[in-house]
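Below, all heavy atoms of this structure are taken into account, side chains as well, without hydrogens, waters or symmetry copies. Chain A is the first sequence line, chain B the second, and so forth, proteins listed ahead of strands; every chain is numbered from 1.
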Amino acid sequence: MATKYWLMKTEPTTYSIQDLAKEKKKTTTWEGVRNYQARNLLRDELKKGDRVLFYHSACKEPAVVGLAVVDREGYPDSFAFDPDHKYFDAKSKKDKPTWFMVDIKLDQIFAEPVTLSELRDQASLKEMVLLQKGSRLSVQPVKKSEFDKIVKLAEKKSA
DNA sequence: GCCAACGTTGGC
DNA sequence: GCCAACGTTGGC
């Protein structure tokens, strides 16, 4: 199976790439996705070894801040089963879970994040899901060419 | 803090 | 099945 490429959004005030770097094995569960389109991707499409652009949203400088790798493929989001947790969802049953999550592992933190406005400046990135009007999918597919371009932009900035 | 865009809910 | 009301996302 060919490696696929994804972009995953997080609000850094909730969970940042620096938080991921502090994790014992630099891995974390990616729980709390409560959107069906994103759920389908987590459940069916993200495969171990797939590459991830780690994106900070709803902050001063929205940007791709680094890279991660899918460490565990989709499995039921157990946070949905905990009535005391903010991600609890009574509709999701253990024998028939509504929501799924993956685990991801840090690959690298960019020395210089690639900002949203820099992404918009690139003609070759015009078709990125992230840049489409009204797009707010928190897990979204990325083309290999887009992924490679962004890694190159990050390298260029920190060179 | 504002507000456009989108997703979900629920009455009918 | 329609659609208005509401809640959320996320850039600015």
Side-chain angles (χ1 to χ4, degrees), chain A residues 4-23 28-46 50-68 70 74-104 106-143 145-147 149-154 156-158:
Chain A
K4 283 176 289 187
Y5 300 85
W6 309 97
L7 180 145
M8 295 169 83
K9 291 183 193 172
T10 175
E11 301 188 13
T13 50
T14 303
Y15 191 89
S16 70
I17 199 165
Q18 288 76 22
D19 292 325
L20 177 56
K22 282 182 212 140
E23 304 283 357
T28 187
T29 53
W30 204 260
E31 70 276 10
V33 172
R34 295 292 179 267
N35 167 283
Y36 285 100
Q37 210 181 333
R39 185 281 310 269
N40 293 346
L41 296 175
L42 290 177
R43 187 190 56 193
D44 306 330
E45 301 294 333
L46 275 73
D50 283 357
R51 318 272 318 260
V52 175
L53 296 168
F54 198 104
Y55 181 82
H56 281 176
S57 69
C59 55
K60 259 208 185 102
E61 189 86 285
V64 177
V65 293
L67 305 177
V70 176
Y75 61 107
D77 183 339
S78 52
F79 293 80
F81 306 139
D82 177 359
D84 296 325
H85 199 275
K86 66 169 174 171
Y87 290 141
F88 176 65
D89 182 352
K91 292 194 304 294
S92 189
K93 306 294 183 191
K94 282 186 184 169
D95 56 348
K96 201 170 183 266
T98 307
W99 305 114
F100 286 75
M101 59 186 181
V102 298
D103 293 351
I104 65 166
L106 182 66
D107 177 357
Q108 59 164 297
I109 298 180
F110 290 158
E112 297 289 339
V114 181
T115 67
L116 179 60
S117 70
E118 288 168 337
L119 298 178
R120 289 198 195 285
D121 287 341
Q122 301 297 322
S124 58
L125 298 179
K126 283 265 187 300
E127 288 177 18
M128 272 191 84
V129 175
L130 181 74
L131 304 183
Q132 303 314 304
K133 185 173 174 168
S135 160
R136 31 179 246 197
L137 251 193
S138 63
V139 178
Q140 48 179 259
V142 172
K143 291 179 193 156
S145 61
E146 294 165 345
F147 184 94
K149 177 72 183 178
I150 291 167
V151 171
K152 227 178 242 170
L153 286 173
K156 201 168 163 190
K157 277 190 82 171
S158 53

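Under 4.0 angstrom from either OP1 or OP2 of C:dG11 there lies at least one side-chain N or O belonging to A:Y55. Residue A:K9 places none of its side-chain N or O atoms closer than 4.0 Å to OP1 or OP2 of C:dT9.
A:R136 places its CZ atom 8 Å from the P atom of B:dC6, with the value rounded to the nearest Å. Regarding A:Y36, its OH atom lies at a distance of 11 Å from the C1' atom of B:dG7, rounded to whole Å. What separates CD of A:Q140 from P of C:dG10 is a distance of 9 Å, to the nearest Å. When the P atom of C:dG10 is taken as reference, atom CE of A:M128 falls 14 Å away, rounded to whole Å. In this structure, the NZ atom of A:K133 is 17 Å from the C1' atom of B:dG7, given to the nearest Å. When rounded to the nearest whole Å, the span between CG of A:L116 and P of C:dT9 equals 18 Å. Nucleotide C:dT8 holds its C1' atom 15 Å from the CG atom of A:D89, rounded to whole Å. A:L137 has its CG atom 11 Å from the P atom of B:dT8, to the nearest Å.
Distances from the side chain of A:P62 to the nucleotides C:dG11, B:dT9, B:dG7 place C:dG11 closest. Side-chain proximity of A:K91 to the nucleotides B:dG7, C:dG10, B:dT9 is greatest for B:dT9. Considering only the side chain of A:S57, C:dG11 comes nearest among B:dT8, C:dT8, C:dG11.
Smallest separation of non-hydrogen atoms from A:Q140 and A:L130: OE1-N, 2.8 Å.
Using the six-membered ring where Trp is involved, A:F79 and A:Y87 have ring planes that are perpendicular, over 60° apart on the 30 and 60° scheme. Taking the six-membered ring for Trp and thresholds of 30 and 60 degrees, A:Y5 and A:F147 have ring planes inclined between 30 and 60 degrees apart.
Under the side-chain hydrogen bond (donor to acceptor under 3.5 Å, both in side chains) criterion, the residue pairs touching residues 123-138 of chain A are A:E127-A:K143, with sequence neighbours excluded.
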